[in-house]
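Because the structure is a prediction, the values reported are computed rather than measured. Computed over heavy atoms, backbone and side chain alike; hydrogens, waters and symmetry mates excluded. Sequence lines set the chain letters: A, B, ... in the order given, protein chains first and strands last, and positions in each chain run from 1.
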Protein chains: 2
Amino acid sequence: MATIKENSTIQENKQYALQQCPVTHVMEKIGGYWKPIIIYYLSTGDKRYSELKRAIPVITEKVLIQHLKQLEADGLIIREARPVVPPYVTYKLSYAGNGLLPVIHAMADWAFKDLDGRFNQV
Amino acid sequence: MATIKENSTIQENKQYALQQCPVTHVMEKIGGYWKPIIIYYLSTGDKRYSELKRAIPVITEKVLIQHLKQLEADGLIIREARPVVPPYVTYKLSYAGNGLLPVIHAMADWAFKDLDGRFNQV
DNA sequence: ACAAGTACTTACCCTAAAGTATGTATTATG
DNA sequence: CATAATACATACTTTAGGGTAAGTACTTGT
């Protein structure tokens, strides 16, 4: 799991940003290229690990797992493993994870308006 | 200005993420530790460059300018320079930049709930 | 003549995060 | 007996972006 240097300036500044800005707090949790996409896929229901992998083909397994673990550690998703062979593991949004959907939707709204050029007036 | 390798896998994947996910589109524009903070400060009205610098003391000038230029290039903020000496430059949110405020607020809402532990009930 | 203030610019370094490649355990199936 | 499938793990490399430090142009104040 990602080795992070404790005392780098970059970490200190992150702390500052976290305290100053709730938005940064959210970014910490859903930042990175893939996390929002994972959350989006999970918003339509439970998904198996392999389903996610197939749904987002260009993501590598290392990064997918890494993000899933982080999302789980942050309490945004819940992992359920059935003790069978071959393994059967599903992921779903937690209560907090579901709480992020309005954020996701607000972002999507803005993105679509932006892409449509609806902000180009003035 | 940031030199970006044209053909890296990381850039190709970014493209993929951008197409698949409007959220990533937004992240492209307001990602990075400082951009949301800058937008937040500008949400209360025009600010001079030096005001921003003083308001966010730990940010370095290089990074502040860099972000301001990117935000301007992305059409989120508007730069106004009066031809006087010493220079007098102000930044303000554009129409599109103002459109981001609901996103910022949705994020802030979630962050405060999360920090309050209001998501901890299952 | 020299420092101070504004709004930058530039060259170089370091770190976090993404990517590459390969390996693991377990069981069913041909 | 070897292969396939699932859900990971791990060692190593590369890249984007943030940080450090110093410099620039122009004018006013002392």
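Proximity of A:Y91 to the phosphate of D:dC8: a side-chain N or O atom is located under 4.0 Å from OP1 or OP2. An OP1 or OP2 oxygen of D:dC8 is reached within less than 4.0 angstrom by a side-chain nitrogen or oxygen of A:R79. B:S8 has no side-chain polar atom (N or O) that falls below the 4.0 Å cut-off from OP1 or OP2 of D:dT14. Contact check, B:T9 against C:dT20: a side-chain N or O comes under 4.0 Å of OP1 or OP2. Residue A:H67 places no side-chain N or O under 4.0 Å from the OP1 or OP2 atom of C:dA17. Distances shown here put a side-chain N or O of B:S50 below 4.0 Å from the OP1 or OP2 atom of C:dA7. Contact annotation: B:R48 reaches the phosphate of C:dA7 (side-chain N/O to OP1 or OP2, under 4.0 Å).
Following rounding to the nearest Å, A:E51 (CD) and D:dC8 (P) show an atom-to-atom distance of 13 Å. As rounded to whole Å, 6 Å separates atom P of D:dG18 from atom CD of B:Q66. The distance between atom CD1 of A:I65 and atom C1' of C:dG23, rounded to the nearest whole Å, is 14 Å. Residue B:Q11 contributes atom CD, which lies 9 Å from atom C1' of D:dT15 at whole-angstrom precision. Counting to the nearest Å, the P atom of D:dG19 and the CD1 atom of B:I56 are 12 Å from each other. The nearest whole Å value for the distance from the CG atom in A:L71 to the C1' atom in C:dA17 is 15 Å. D:dA9 atom P lies 14 Å from atom NZ of A:K53, rounded to whole Å. In this structure, B:K47 atom NZ and C:dA7 atom P are separated by 14 Å, rounded to whole Å.
There is a path of hydrophobic side-chain contacts, each under 4.5 Å, that joins B:V63 to B:I38.
Proximity note for B:K69 (side chain, C-beta onward) versus D:dG19, D:dG18, C:dC8: the nearest is C:dC8. Comparing D:dG19, D:dC8, D:dA5 by their closest approach to the side chain of B:T60 singles out D:dG19. Comparing D:dA7, C:dT6, D:dG18 by their nearest atom to the side chain of A:E61 picks out D:dA7. Between C:dA7, D:dC8, D:dT15, one nucleotide has an atom nearer to the side chain of B:V89 than all others, and that is C:dA7. Checked against C:dA18, D:dC8, C:dT10, the side chain of B:K62 finds its nearest nucleotide in C:dT10. Minimum atom distance to the side chain of A:P86 is reached by D:dA5, of the listed D:dA7, D:dA5, C:dA18. With C:dC12, C:dT6, D:dT6 as the candidates, the nucleotide lying closest to the side chain of A:P87 is D:dT6. Checking D:dT27, D:dC8, C:dT20 against the side-chain heavy atoms of B:V85 singles out D:dT27 as nearest.
At distances below 3.5 Å, at least one donor-acceptor pair connects side-chain atoms of B:W110 with backbone N or O atoms of A:A96. The main-chain N or O of B:D46 is never found under 3.5 Å from a side-chain atom of B:T90 such that the two would form a donor-acceptor pair. The main-chain N or O of B:M27 is never found under 3.5 Å from a side-chain atom of B:T24 such that the two would form a donor-acceptor pair.
Here the closest heavy-atom approach between residue B:P87 and residue B:R48 is recorded as O-NH2, 3.3 Å. Between A:K35 and A:E28 the shortest heavy-atom distance is NZ-O, 3.7 Å.
Other cluster members for A:V84: A:Y88, joined by side-chain heavy-atom distances under 4.5 Å among Ile, Leu, Val, Met, Phe, Trp and Tyr.
Rounding to the nearest 0.5 Å gives a distance of 8.5 Å between CZ of A:R118 and CG of A:D109.
Of the two residues contacting DNA chain C, namely A:V58 and B:R54, the nearest-nucleotide position lying further toward the 5' end is that of B:R54.
In A:Y49, the OH atom is crowded: over 12 heavy atoms of neighbouring residues, nucleotides or ligands sit closer than 6.0 Å.
From one end of the helix from C:dA1-D:dT30 to C:dG30-D:dC1 to the other, with five pairs defining each end axis, the axis direction shifts by 30° (rounded to 10°).
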